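Working notes, beginning with the structure itself.
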Amino acid sequence: MAGGSFTTGAVTKERAQQYKGRVTPYVIVACIVAATGGSLFGYDIGISGGVTSMDDFLKEFFPAVYRQKLHAHENNYCKYDNQGLAAFTSSLYIAGLIASLMASPVTRKYGRRASIIGGGISFLIGSALNASAVNLTMLILGRVMLGVGIGFGNQAIPLYLSEMAPTHLRGGLNMLFQVATTLGIFTANMVNYGTQKIKPWGWRLSLGLAAVPALLMTVGGIFLPDTPNSLIERGLKEKGRKLLEKIRGTNEVDAEFQDMVDASELANSIKHPFRNILERRYRPELVMAIFMPTFQILTGINSILFYAPVLFQSMGFGGDASLISSALTGGVLAGSTFISIATVDKLGRRVLLISGGAQMITCQVIVAIILGVKFGAEQELSKGFSILVVVVICLFVVAFGWSWGPLGWTVPSEIFPLEIRSAGQGMTVAVNLLFTFIIAQAFLALLCSFKFGIFLFFAGWITIMTIFVYLFLPETKGIPIEEMSFMWRKHWFWKRICLN
C-alpha cells in the first residue's frame, strides 16, 4: 500500500503535514482551464429544456408534441409527454455512459489530458451536427457525439482537478468543475431566452453555440500539462517530479512524490482495474462510486434543469415567463456553488451534504403541497402561488448547489487509490449518466402519471441519501489523496469489511 504513516485501524495526518508547497498561480490557471470542460455538461443540460419548448423546433422535429401543446388546458401535466422528445434529451446520456467506460483505459494509458482533448473534439462535431440537422436521425447522431464528449470530459476532468490540487484546497479546486457546469446551465438559459425570438432558426443557434465551450476545452487541453500522478503512473518519474515541484512552488516534495511513486507501483501491478474494483478491499470505494452519482441524480435536480421551461409552462407560465424562471434557477445554482467552495475545506463534506439534503426535502414537500392544493389538470396557478413555487424551487436549487451538486463529483473523484482511480471514476460517470438517462427519458411520463407527487417521489429519495451519508460516508477533508484508503479502516462500518 502507498503511504508510510499508517497505524492499524486509524488514519494519521502526519504524512499530510509533511507535504510542502503553496497554491501556485500555475495550479490555479491549470485547474480553471480544465474545469471549463464542465461547461459542456452544463450548457447541454440548460439548452435541452429551452429548445424543446420552442415552437419552431417542435414543428420541425416533433409536430405531434406541438399539436399536443396547443391543447394545454386539457391536461397541464401531460402536454409534453412524448417518448421521442424525451429521447432527444436522453440519447446523449446513454452515449456518454458507454463513452465514459471507454475513456477509463484511455485516461489511464495516455493521461487525463488526452481524454480532455478527445472529449472536446467529439463535442465540437456533435454541436455542428445539431446546429445543421435536417432530420431526426441527424439530430440524434449529434446528440450521441455530444454524449461521447461528455463521457470523456466528465471522466477525466474531476480526476485532473483532484490530482493537481494541494490537499488542503482539494475540495474547493475540484468544485471548479461544478462552477463551470452551473455557469454553462445559466449561459444556456440566457441563450435560449434570446434565441426563442429569432424565427424560425433560433434553436439552431442555441444548439450550435455549444461549440464555444467545446473549443475552449479542446484548445485549453492542448496547452495543459498532465498531472504528476498520471506521469508517474506511466513511468515518467522525473518529468512527474519536475511538474510536482512546479505546481507546488518548492523543491521539497519528497513525501508527496514518494506517495505517488508507491501508488503508481501498485497501480502498474494491476492489469484489470475494473475487475479489481470488485475485490472486497475496494468495497467502500465501489459502493460510493455507485451510490453517490445515483443519489445526485435522484435529488430531481436534472429534471428541473432539463425541463425547467417545460415544467414552468406546465404550471401555467407563459413562454417568456417560463424561460425567465428557468434562467433564474440557473443563475441561483451558479451562485450557490461558491458557498460550497468557500466552506467545503473548512466545514467538511458531510456537513454540507446532510444540511443540503434537509433543505431540499423541505422544498420538495412544499412545492408538492402547493401544486396538490392549488393546481389541477385544468387550472393554472395564481400569480402569487406561481411566484412562491419559483422561490421554493430556487431554494431547492441553492441547497443542491452547495451540497450534492459539487460534492456528488468531488467525493468520488478523491477517494479512489491510484490503481483503480480511472476505473472508479469511469464507473462514477457511467452510473451518473445511466440515471441521468433514465430520469431524462422517464420524467415527462412520470410528471404525467404522478402529477404533483413527482416532488414527493424525489423528496423520498433525498431522505434516503441523507441517512446514507450520515451512516456510511466518512469525512475526507484534509486527507491526502494517496492515503485515502486508510480512512475506511477507521470508519465504524467499513473497517469490518476492510480489515477482515
Side-chain angles (χ1 to χ4, degrees), residues 37-38 40-42 44-45 48-49 83-107 115 119 122-123 126 140 143-159 177-178 181 273-275 277-278 282-283 285-307 400 404-413 415-416 420-447 454 457-458 460-462 464-465 468:
L40 300 181
F41 194 35
D44 183 80
I45 289 173
S48 300
Q83 288 301 296
L85 184 62
F88 164 74
T89 299
S90 65
S91 57
L92 179 149
Y93 301 102
I94 199 69
L97 186 162
I98 297 168
S100 66
L101 298 176
M102 294 167 51
S104 177
V106 173
T107 303
S115 287
S122 180
F123 210 90
I140 298 298
R143 296 289 291 174
V144 169
M145 292 305 296
L146 294 177
V148 172
I150 283 177
F152 271 80
N154 285 17
Q155 201 276 342
I157 292 169
L159 283 188
F177 178 76
Q178 181 68 10
T181 300
F274 274 107
R275 189 185 304 166
I277 202 173
L278 300 177
Y282 300 125
R283 194 62 45 80
E285 292 92 337
L286 176 63
V287 168
M288 295 304 160
I290 294 171
F291 281 95
M292 290 298 290
T294 299
F295 287 145
Q296 185 192 51
I297 302 306
L298 288 175
T299 59
I301 188 67
N302 281 17
S303 304
I304 290 173
L305 297 178
F306 285 150
Y307 298 114
F400 178 85
W404 279 90
L407 291 170
W409 291 107
T410 297
V411 171
S413 73
I415 63 173
F416 302 115
I420 59 164
R421 192 168 295 157
S422 290
Q425 184 65 15
M427 185 173 291
T428 298
V429 175
V431 171
N432 180 287
L433 293 174
L434 172 63
F435 277 87
T436 302
F437 165 76
I438 292 169
I439 293 297
Q441 188 66 35
F443 177 72
L444 294 177
L446 289 173
L447 179 63
I454 189 71
F457 171 78
F458 289 124
W461 280 111
I462 299 170
I464 293 170
M465 61 201 247
F468 174 86

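Treat the numbers as computed from the prediction; the structure is a model and nothing was measured.
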Salt bridge (charged side-chain N to carboxylate O under 4.0 Å, His left out) contacts touching residues 147-156 (sequence neighbours left out) | none
Going by atom types only, do Q155 and T107 share a side-chain donor-acceptor pair under 3.5 Å?
-> yes
Considering all heavy atoms, the nearest I157-G38 contact = CD1-N, 4.2 Å
Closest non-hydrogen contact found for F416 with A289 is CZ-CB, 3.7 Å
Under the side-chain contact (heavy atoms from CB on, under 4.5 Å) test, residues paired with M288 that sit two or more places apart = M292, I415, F468, F472, L473, W488, W494
How close do N154 and V429 get, heavy atom to heavy atom, and via which atoms?
-> O-CG2, 3.3 Å
Enumerate, atom names and distances included, each donor-acceptor pair closer than 3.5 Å involving a side-chain atom of residues 98-106, sequence neighbours excluded.
from, atom 1, to, atom 2, distance (Å)
S100, OG, G96, O, 3.4
S100, OG, L97, O, 2.7
S100, OG, A430, N, 3.4
S104, OG, S422, O, 3.1
S104, OG, A423, N, 3.3

Rounded to the nearest 0.5 Å, how far does CD1 of I301 lie from CZ of F458?
-> 10.0 Å
Any idea how Y93 and F41 line up, ring-wise: parallel (<30°), tilted (30 to 60°), or perpendicular (>60°)?
-> perpendicular
Set of side-chain contact (heavy atoms from CB on, under 4.5 Å) partners for T294, sequence neighbours left out | I290, L298, V431, F435
Check the angle between the aromatic planes of W461 and F457 and answer parallel, tilted or perpendicular using the 30° and 60° thresholds.
-> perpendicular
Applying side-chain hydrogen bond (donor to acceptor under 3.5 Å, both in side chains) to Q296 and not counting sequence neighbours gives N432
F177: partners by ring-ring contact (aromatic ring centres under 6.0 Å, His included), with sequence neighbours left out | W409
